[in-house]
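Some notes on the structure that comes next.
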There are 2 protein chains.
Amino acid sequence: MSVRSELLKGILNGCVLAIIEKETVYGYELSAKLQKVGLDDVSEGTIYPVLLRLQKNNWIVGEMRASESGPRRKYYTLTADGEEALELIRSEWGKLAVPVTALLKGEVEHGDH
Amino acid sequence: MSVRSELLKGILNGCVLAIIEKETVYGYELSAKLQKVGLDDVSEGTIYPVLLRLQKNNWIVGEMRASESGPRRKYYTLTADGEEALELIRSEWGKLAVPVTALLKGEVEHGDH
DNA sequence: ACAACTACCTTGCGTCACAAAGTAGCAATA
DNA sequence: TATTGCTACTTTGTGACGCAAGGTAGTTGT
């Protein structure tokens, strides 16, 4: 398994929620959105399980709508629980990302031998 | 499983490697180091499997040494492979952390409806 | 002797990212 | 009207992960 995949773990939930919060999207288009944001190579085999998970947690709801061209699409919207979860993720990410970045850059003094 | 635990996934390898790169440490003291850095509540049940993993990957090597007080300690040092792995993790983290932070803050335009 | 602390290791659980493969609708061309 | 290709969703299986819980020893202090 790639380094990248490991780092992604647990982050994807928040990314998907953040995108859905801003605009209603359907699954197939999410990989394009994520790519645009800088997260390349997030395939359908990853996206759809994420969406199922979020639905199961009652964080998003899906609604089937017809498309002008092509198959029907399942559009997702954030629930109140989803908003709450996203806020929690934002908070936890903030508490993690800063110290981890500093640690990886070697900017942290953790001496005391 | 907690939001925090999910976010931690895959990040811990890099954090532990970064600490060991700076100074030789033994397992039991690592949780204290991590806490000092801002990563609270990383218990032994997490630490030791991580160290076993890193050893199995040949990223670190452990050496038993006597202690002036208490049981013997297993001190870990980075290998050349470990340095290489850490550099890869640093690179991947850099490519991930920035866009994810921006996305969670809602600072990203991903429109085009 | 006994308790408390240090230090290490293992087992088991649920979750995750992802490749791979499958299903099906629609569009276009021949 | 076949057939090719794109869109769009779903399922299965694999290996790795975080971590609580429990276990084994050695050391120190009383």
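Computation of the quantities below employed the complete heavy-atom set of this structure, encompassing side-chain atoms and omitting hydrogens, waters and symmetry-equivalent molecules. Please read all numbers here as calculations on a predicted model, not as lab measurements.
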From [atom1] of [X] over to [atom2] of [N], roughly how many Å is that when rounded to an integer?
X: B:N13; N: D:dA16; atom1: CG; atom2: P; result: 12 Å
X: B:K56; N: C:dT10; atom1: NZ; atom2: C1'; result: 14 Å
X: B:E68; N: D:dG26; atom1: CD; atom2: C1'; result: 15 Å
X: A:L7; N: C:dC16; atom1: CG; atom2: P; result: 16 Å
X: B:L8; N: C:dG14; atom1: CG; atom2: C1'; result: 16 Å
X: B:I47; N: C:dT6; atom1: CD1; atom2: P; result: 16 Å
X: B:I11; N: D:dG18; atom1: CD1; atom2: P; result: 9 Å
X: B:L34; N: D:dG18; atom1: CG; atom2: P; result: 11 Å

| query | Quick one: ring-ring contact (aromatic ring centres under 6.0 Å, His included) partners of A:Y75, sequence neighbours excluded? | reply |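 Scan of A:Y75 (ring-ring contact (aromatic ring centres under 6.0 Å, His included), adjacent residues dropped) gives A:Y26.
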| message | Could you check whether A:R73 pairs with A:E29 (Lys NZ or Arg NE/NH1/NH2 to Asp/Glu carboxylate O, under 4.0 Å)? | response |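 No, A:R73 and A:E29 are not salt-bridged.
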| What about A:K9: does its side chain form a donor-acceptor pair under 3.5 Å with the base of D:dA16? |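 In this structure, the two groups form a donor-acceptor pair.
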| Residues in side chain to side chain contact (heavy atoms under 4.5 Å, CB included) with A:N58, at least two apart? |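 In terms of side chain to side chain contact (heavy atoms under 4.5 Å, CB included), with neighbours along the sequence ignored, A:N58 is linked to A:T79, A:D81.
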| task | Would you mind classifying the nucleic acid contact of B:D41 as base, sugar-phosphate or nothing, using non-hydrogen atoms under 4.0 angstrom? | result |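 Nothing, no nucleic acid heavy atom in range.
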| request: Just call it for A:L12: base, sugar-phosphate, or nothing, with non-hydrogen atoms closer than 4.0 Å on any strand. | output: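 The residue A:L12 makes sugar-phosphate contact but no base contact.
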| Among residues 78-87 of chain B, which contact DNA chain D at a heavy-atom distance under 4.0 Å? |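 Of all residues in residues 78-87 of chain B, none places a heavy atom under 4.0 Å from DNA chain D.
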| field | Shortest side-chain distance from B:R53, nucleotide among C:dT15, D:dC17, D:dA20 | value |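 Given the options C:dT15, D:dC17, D:dA20, the side chain of B:R53 is closest to D:dC17.
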Protein and nucleotides 6-12 of chain D: nitrogen or oxygen contacts under 3.5 angstrom:
from	atom 1	to	atom 2	distance (Å)
D:dA8	OP1	A:Y26	OH	3.4
D:dA8	OP1	A:R73	NE	2.2
D:dA8	OP1	A:R73	NH2	2.4
D:dA8	OP2	A:Y26	OH	3.1
D:dC9	OP1	A:K74	N	2.5
D:dC9	OP2	A:G27	N	3.3
D:dC9	OP2	A:Y28	N	2.6
D:dC9	OP2	A:Y48	OH	2.8
D:dC9	N4	A:E44	OE1	2.6
D:dT10	OP1	A:K74	NZ	3.3

| query | At under 4.0 Å, does any side-chain N or O of B:T46 touch on OP1 or OP2 of D:dG18? | reply |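 B:T46 to D:dG18 OP1/OP2: no side-chain N or O under 4.0 Å.
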| A:S43 side-chain N/O to C:dC18 phosphate OP1/OP2 under 4.0 Å |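 A:S43 to C:dC18 OP1/OP2: no side-chain N or O under 4.0 Å.
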| With distance as the sole test, does B:K74 use its side chain to make a donor-acceptor pair with the main-chain N or O of B:G27 at under 3.5 Å? |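 A pair under 3.5 Å: no.
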| said: Just so I know, are the side chains of A:R65 and A:T24 near enough to count as touching, which here means a heavy-atom distance under 4.5 Å? | reply: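 Contact flag for A:R65/A:T24 side chains = yes.
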| field | Value rounded to 0.5 Å, distance of CG in B:L39 from OG in B:S31 | value |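 Nearest 0.5 Å value for the CG-OG distance: 11.5 Å.
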| Evaluation steps, side chain to side chain contact (heavy atoms under 4.5 Å, CB included), between B:T77 and B:E63 | CA-CA 8 Å; B:T77 316; B:E63 181 204 1; 5.8 Å; no
| request: Return the set of residues passing salt bridge (Lys or Arg N to Asp or Glu O under 4.0 Å) with B:E44 (not counting sequence neighbours), or none when no residue passes. | output: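 For B:E44 there are no salt bridge (Lys or Arg N to Asp or Glu O under 4.0 Å) partners, ignoring immediate neighbours.
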Using a 3.5 Å cut-off and no angle test, enumerate the donor-acceptor pairs between side-chain atoms of residues 87-95 of chain A and protein atoms at least two apart in sequence or in another chain.
from	atom 1	to	atom 2	distance (Å)
A:E87	OE2	A:R90	NH1	2.7
A:R90	NE	B:L104	O	2.4
A:R90	NH2	A:E21	OE1	2.9
A:R90	NH2	B:L104	O	3.0
A:W93	NE1	B:T101	OG1	3.0

